[in-house]
Amino acid sequence: MKTYLAIFGATGNLMYKKLLPAIAALQANNLLEPDTKILCIGRAQHTVESYIETAKTQIQTPINWSQLSPILEYFRMDFDQINAYEHLKNHMNMFGKSKRLFYLAVAPELFPVIAEGISSVQLITQNDALGRIVFEKPFGEDLKTAKSINTMLWKYFDESQIYRVDHYLGKEMIQNILVMRFANKLFENNWNSLAIEKITIIAKETEGVMNRGNYYDHVGALKDMIQSHLLQMAALIAMEVPKSFDVDGIREEKVKVLKRIRVEKEDIITGQYRGYLDEKNILPASKTETAVFMKAYFDTPRWKGVPFYFLTGKKLNEKRSEIIIDFEDNTMQESLWPNQAIVKNQLVIRVAPDEGVTFRLNVKEHGLSNVIKKVEMDYCHDCNVVGNKPEAYERLLLDFIRGNSTLFTRWDEIEAAWKIIDSIKNHVIEPILYQDFDELNRYVENQLKEESK
Ligand SMILES: NC(=O)c1ccc[n+]([C@@H]2O[C@H](COP(=O)([O-])OP(=O)(O)OC[C@H]3O[C@@H](n4cnc5c(N)ncnc54)[C@H](OP(=O)(O)O)[C@@H]3O)[C@@H](O)[C@H]2O)c1
């Protein structure tokens, strides 16, 4: 079957940074069906040649342009003009019968008009097994707006045709969480409050808002990071064993556990980096948070009393995303070796920038002494990969083209996540100012100390 992938927003940052490089990599690895065309749709005046020349200046990743160029087309239209969709249809019809896949790499304000446009001219119809559509995050800005976007989508498409991207789900180590848990008895048997003391989920960035001030000031770290990526990571860590590993089996369990999260208002600290107000397109005296620390509990028998800590922020000490699982103290060990520095076991799942797993354990030092020392067993997931290391967007695009929605979020997951964020947002949380990670961290640690008194 021929495949026609039409991308709205072809002159945007996402297209140049992620989508075109991902398409080129899929093509280079022979993962695109031979009869595939990519329709790049934008409002700038271009021929396909001038579009490709512009793209070349924007894309840093090496791309085999002589291989990619023949499958690219460019179509000019203003997405707001409803009558432009008739022309789009005429253009797409020239390709003949094919799978029709639409990717909306545009701001959410354009979702309704594009969804209406392509369905009004029947480029995609409900129950059409050959038609699918992808929406980029953010999916709404609170529960109310997300619901209204979703109601609009359900008017035009079936749920099975709708793919909502959270690109974290395309990352290798996020996909590995379930394998780590369920394919290793050692972990799954100890994946509960009896063995685990706390779980920390981190996504730190070194950059500030850069040129995304307009978007970011409106949204902030809670909505930009916690609502999507961090809650998705937490759901995969905290969910129960799914009945099956198919699309709905996993999503079912993620939704169930997300509905059981509890966050107390005193357990949220927000911060804003010093200098944020001087960035471009930020409102004077903006109170938007650029960092969030919060403690949450999942009220399920498995996680009774286990704190889940979340930390995300901009302008911090490093770019790092990881999940740290701290196991309980083994008091028996302490009574057996009272004078030894025995550490608690710790499992770290490293998501980015490097991918891998570290497990900390105690061993006897080599030789005649009986000293116990800690060691870290390290598995590097991306060290031995030969050739292309697929990026999250490659995996997501391929799954979308093939019709596998496991790594995309279902509406009820998004709904559950927005309920959590809305309830947090109800508390007025004034961000503290921080210069760097150390300052933010000191504040968080002081708060934690106060709390434990
Ligand atoms: N960039 C990323 O790394 C990233 C990561 C995750 C999610 N996302 C999400 O992906 C979406 C796109 O982000 P982006 O960074 O690519 O945004 P962007 O750089 O602003 O690109 C938006 C695109 O939409 C086009 N556009 C806007 N209004 C239009 C109209 N009325 N008619 C025709 N074209 C119109 C723009 O055309 P012009 O060039 O002519 O203005 C541009 O091609 C957003 O929802 C964003 O949140 C982006």
Side-chain angles (χ1 to χ4, degrees), residues 6-23 38-46 50-55 57-61 72 74-85 87-88 91 102-118 133-141 145-146 149 153 162-171 174 203 205 207-221 223-230 232 280-281 312 314 319 321 352 391-397 400 407-409 414:
I7 306 179
F8 289 88
T11 53
N13 185 274
L14 184 68
M15 180 66 163
Y16 293 139
K17 217 170 72 185
K18 298 289 180 190
L19 300 179
L20 271 179
I23 291 165
I38 312 295
L39 182 61
C40 308
I41 314 179
R43 65 180 157 189
Q45 198 62 261
H46 275 304
S50 69
Y51 174 70
I52 290 169
E53 286 314 308
T54 309
T57 65
Q58 299 293 319
I59 298 176
Q60 318 293 337
T61 331
L72 298 183
Y74 184 82
F75 186 83
R76 201 208 82 78
M77 68 180 273
D78 191 333
F79 308 157
D80 289 325
Q81 301 299 313
I82 204 76
N83 52 6
Y85 291 85
H87 300 299
L88 177 66
H91 180 88
F102 297 90
Y103 199 116
L104 272 56
V106 295
E109 300 83 83
L110 288 167
F111 292 177
V113 67
I114 298 175
E116 188 193 340
I118 57 176
I133 184 159
V134 173
F135 296 89
E136 264 295 338
K137 128 185 163 53
F139 199 84
E141 44 191 66
T145 51
I149 292 176
L153 295 185
I162 303 171
Y163 288 62
R164 304 175 191 83
V165 174
D166 181 334
H167 73 268
Y168 255 58
L169 296 182
K171 287 186 184 286
I174 299 296
E205 294 171 65
E207 290 165 345
V209 287
M210 305 212 291
N211 55 1
R212 294 175 75 218
N214 250 342
Y215 160 78
Y216 195 87
D217 199 38
H218 190 58
V219 176
K223 294 180 179 182
D224 190 45
M225 294 297 290
I226 305 261
Q227 188 273 342
S228 47
H229 311 322
L230 277 80
Q232 279 293 331
K280 221 168 101 193
N281 296 325
T312 185
K314 293 192 176 292
K319 181 170 171 59
S321 181
E391 282 267 339
Y393 272 95
E394 280 171 59
R395 175 65 199 251
L396 295 171
L397 268 172
F400 174 56
L407 300 180
F408 294 81
T409 34
I414 290 182

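All values derive from a computational prediction rather than experimental measurement. Read the numbers this way: they start at 1 and go in the same order the structure lists the ligands and their atoms. Nothing fancy with the numbering, it's 1 onward along the sequence.
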- Message: Donor-acceptor check, side chain of Lys314 to backbone of Val209, threshold 3.5 angstrom: yes or no?
- Response: no
Measure up the [X] and [Y] rings against each other and bin them: parallel (under 30°), tilted (30 to 60°), perpendicular (over 60°).
X	Y	value
Phe8	Phe79	perpendicular
Phe139	Phe111	tilted
Tyr163	Phe400	perpendicular

- Query: Does Lys223 come within less than 4.0 Å of Glu141, counting only side-chain N to carboxylate O?
  - Reply: no
- Query: So with a 6.0 Å cut-off around NE2 of His218, is the heavy-atom count from everything else above 12?
  - Reply: no
Can you list every pair where an N/O of ligand 1 is under 3.5 Å from an N/O on the protein?
| from | atom 1 | to | atom 2 | distance (Å) |
| --- | --- | --- | --- | --- |
| ligand 1 | 1 (N) | Asn13 | OD1 | 2.8 |
| ligand 1 | 3 (O) | Lys17 | NZ | 3.1 |
| ligand 1 | 16 (O) | Asn13 | N | 3.1 |
| ligand 1 | 16 (O) | Leu14 | N | 2.8 |
| ligand 1 | 19 (O) | Asn13 | N | 2.9 |
| ligand 1 | 31 (N) | Asp78 | OD1 | 3.0 |
| ligand 1 | 31 (N) | Asp80 | OD2 | 3.2 |
| ligand 1 | 32 (N) | Asp78 | OD1 | 3.2 |
| ligand 1 | 32 (N) | Phe79 | N | 3.0 |
| ligand 1 | 37 (O) | Thr11 | OG1 | 3.4 |
| ligand 1 | 39 (O) | Thr11 | OG1 | 2.8 |
| ligand 1 | 40 (O) | Arg43 | NE | 3.0 |
| ligand 1 | 41 (O) | Arg43 | NH2 | 2.9 |
| ligand 1 | 43 (O) | Thr11 | N | 3.4 |
| ligand 1 | 43 (O) | Thr11 | OG1 | 2.7 |
| ligand 1 | 43 (O) | Gly12 | N | 3.1 |
| ligand 1 | 45 (O) | Val106 | O | 2.9 |
| ligand 1 | 45 (O) | Lys137 | O | 3.4 |
| ligand 1 | 47 (O) | Lys137 | O | 3.0 |

